[in-house]
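What follows is a set of notes on a single structure, which appears directly below.
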Amino acid sequence: MATEKERYCNGCDRIFSWGDWQEDTCPFCDTPLGERTDTPEGGVPLLDDTMSQEIPWPQGEREGQVCRASGYIDAQMIKAVLEGSGIPVMLHGGAKLGLTVGNLGAVPVYVPLSRVAEARQVLDNQPENS
């Protein structure tokens, strides 16, 4: 039985928490995942709500950037819109500061490469807040 520790992909250098991805291979490059050994005991996972949970990422498909959100909260809103359209989403895991905005707080939003055009169309059709 697998543990709930973070796991590391040697192929593409991504880090996955157990809640993000429970399979034994990386969803992006099919490389077997290894257990992370540099996370302090009781540490917070780096990727806890940055990948779609209910919508599976196509096995072996690379990611394409759809946009850059101005902060983590905006990124979560974009993620919700895309997931509502059935598109799996991955947010860049290093930008979980929450209240930081601008270039420092920018969060890249990724979807499967085959669905980038569809995701951009979904976002373009969202009503503007006035």
Residues forming a side chain to side chain contact (heavy atoms under 4.5 Å, CB included) with Gln59, sequence neighbours excluded: Trp21, Thr25, Asp30
With Pro58 via side chain to side chain contact (heavy atoms under 4.5 Å, CB included) - residues at least two apart: Glu61, Pro88, Pro112
Met77 with Val107, same ILVMFWY side-chain cluster at under 4.5 Å: no
Atom pair CG (Leu82) and CD (Glu118), whose distance is rounded to the nearest 0.5 Å: 9.0 Å
Contacts of Glu83 that satisfy salt bridge (charged side-chain N to carboxylate O under 4.0 Å, His left out) - sequence neighbours left out: Lys79
Side chain to side chain donor-acceptor pair (under 3.5 Å) involving Ser85 - partner list, sequence neighbours excluded: none
Val89 side chain near Leu91 side chain, heavy-atom distance below 4.5 Å: yes
CA sep, side-chain torsions, deciding dist, call: Val122, Val81, side chain to side chain contact (heavy atoms under 4.5 Å, CB included): CA-CA 8 Å; Val122 167; Val81 168; 3.9 Å; yes
Minimum heavy-atom distance Thr31-Cys9, with the two atoms named: CB-SG, 3.7 Å
Nearest heavy-atom neighbours spanning Arg62 and Trp57: O-CZ2, 4.2 Å
For Cys67, side chain to side chain contact (heavy atoms under 4.5 Å, CB included) partners two or more places apart: Ile78, Val109, Leu123
Joint cluster assignment, Ile87 & Ile55, ILVMFWY side-chain distance < 4.5 Å: no
Arg120 CZ to Gln65 CD distance, which is reported to the nearest 0.5 Å: 8.0 Å
